[in-house]
2 protein chains.
Amino acid sequence: MNNRETPCCGVARFLILMDGPWATLIIRELLHGPLRFTELKNKLDGISAHTLTHRLKQFEANGLVTRTAYAETPPRVVYELTTLGENLRDVLEAMGKWGEAVPDQLIQRNKL
Amino acid sequence: MNNRETPCCGVARFLILMDGPWATLIIRELLHGPLRFTELKNKLDGISAHTLTHRLKQFEANGLVTRTAYAETPPRVVYELTTLGENLRDVLEAMGKWGEAVPDQLIQRNKL
DNA sequence: CCGTATCCAGAGTGATACTG
DNA sequence: CAGTATCACTCTGGATACGG
């Protein structure tokens, strides 16, 4: 699926950047506005600091999120979507709309 | 992220059903119309029979795809989207639209 | 508060070879 | 043609403990 010159379609490009189950969930939270590390961690029930750090760094490297650290004590770090990240809103909304129309039983059968 | 009574938002529900990098790509191919196993495998460059079988079975179990086997020699099996699967079109289109707007350099830096 | 370091488990996937 | 079986690898992600 990878290892080709340049991904043909936009769908594949989306998938490369939004890799893993947490990626989309993190973006969703940030669509409501900038958040601090701990706020993000609290909202994303079940995510580990390890994973959150990893995903946030990847997003930052890919230009979807900006990281702003304030030299205070205690430190304060705020994550915010870039324009590129903001543009994911349409995709997330389409996902959400579809997901809400899915019968509950289907979700139940798959690990949750 | 999982192990809660019932997923709160539609986004999470989408992610549960569309798990793994190939899931979305398979659906995208089927949006163009029904396809046979081998046709699907050829269009999805790099996918193994193993993986394709797995994903297809999962889709079938979740009611996103129907599987029709014709008792012929050689056998012919056709996969087709259900209405639920068809409804993913909007989501895929949003993804594609976003992905096409992503600068090439970002894609290059991540394994491809 | 905001991470990082390390170790480890599990899922998804690929390669290969084989079957009805 | 349409899978299945087996093995092994990679990568995400959790747990825990520690550092700035």
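Residue numbering restarts at 1 for every chain, and letters A, B, ... go by the order of the sequence lines. The figures here come from the full heavy-atom set of this structure, side chains too, leaving out hydrogens, waters and symmetry mates. The shown structure was predicted, so the numbers you read here are calculated from the model rather than taken from an experiment.
- The separation between B/E72 atom CD and C/dG20 atom P is 20 Å, rounded to whole Å.
- The nearest whole Å value for the distance from the CG atom in A/L15 to the P atom in C/dT13 is 11 Å.
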5'-to-3' dot-bracket of DNA chain D (Watson-Crick, G-U; under 3.5 angstrom; crossing pairs as [ ]; | other strand): ||||||||||||||||||.|
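- Atom NE2 in B/H54 sits roughly 13 Å away from atom C1' in C/dG10 (whole-Å rounding).
- Put simply, CD on A/Q58 is 14 Å from P on C/dT4, counting in whole angstrom units.
- The minimum heavy-atom distance between A/V78 and A/P34, with the atom names listed, is CG1-CB, 3.7 Å.
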Derivation and outcome, side-chain contact (heavy atoms from CB on, under 4.5 Å), residues A/W22 and A/L25: CA-CA 5 Å; A/W22 285 114; A/L25 266 2; 4.1 Å; yes
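- The nucleotide whose nearest atom lies closest to any side-chain atom of A/A49 is, among C/dG12, D/dA2, C/dT4, C/dT4.
- Of the side-chain N and O atoms in A/K57, one or more sit less than 4.0 angstrom from OP1 or OP2 of C/dT4.
- Annotation: of the two residues near DNA chain C, B/A23 and A/R76, the 5′-most nearest-nucleotide partner is A/R76.
- Applying the 4.0 Å criterion to OP1 and OP2 of D/dG3, one finds that B/R67 has a side-chain N or O inside that range.
- Minimum heavy-atom separation, A/L84 to B/W98: O-NE1, 3.0 Å.
- In this structure, A/L44 atom CG and D/dG14 atom P are separated by 10 Å, rounded to whole Å.
- The side chain of B/Y79 places no N or O atom within less than 4.0 Å of a non-bridging phosphate oxygen (OP1 or OP2) of D/dC1.
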Derivation of the side-chain contact (heavy atoms from CB on, under 4.5 Å) call for A/F59 and A/M18: CA-CA 9 Å; A/F59 284 146; A/M18 299 296 287; 4.1 Å; yes
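- Here side chain to side chain donor-acceptor pair (under 3.5 Å) pairs that include residues 87-97 of chain A, with residues two or more places apart or in two chains, are A/E86-A/R89.
- Here the C1' atom of nucleotide C/dC2 and the CG atom of A/L40 are 12 Å apart, to the nearest Å.
- Here A/T51 does not reach the OP1 or OP2 of D/dG13: none of its side-chain N or O atoms lies under 4.0 Å away.
- Of the possible polar contacts, one joining the A/T66 side chain to the A/E80 backbone as a donor-acceptor pair under 3.5 Å is found.
- Listed in residue order, the members of residues 31-39 of chain B having a heavy atom less than 4.0 Å from DNA chain D are B/R36, B/F37, B/T38.
- The minimum heavy-atom distance between B/V11 and A/L92, with the atom names listed, is CG2-O, 3.7 Å.
- Whole-Å rounding puts the A/I26 CD1 to D/dG13 C1' distance at 11 Å.
- Regarding contacts with the backbone of C/dT4, a side-chain N or O of A/T53 is found under 4.0 angstrom from either OP1 or OP2.
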Trace of the side-chain contact (heavy atoms from CB on, under 4.5 Å) decision for A/I26 with A/L44: CA-CA 7 Å; A/I26 295 173; A/L44 297 165; 3.5 Å; yes
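- For A/P75, taking side-chain heavy atoms from C-beta onward, the closest of the listed nucleotides D/dC1, C/dT13, C/dC1 is C/dC1.
- Between A/I47 atom CD1 and C/dC2 atom C1' the separation is 14 Å, expressed in whole Å.
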B/E39 and B/E29: CA distance, side-chain angles, deciding distance, side-chain contact (heavy atoms from CB on, under 4.5 Å) verdict: CA-CA 10 Å; B/E39 290 172 335; B/E29 295 303 332; over 6 Å; no
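- Side chain of A/R13 to backbone of B/V102: a donor-acceptor contact under 3.5 angstrom is found.
- Nearest nucleotide to the A/H50 side chain, out of C/dG12, C/dC1, C/dC7: C/dC7.
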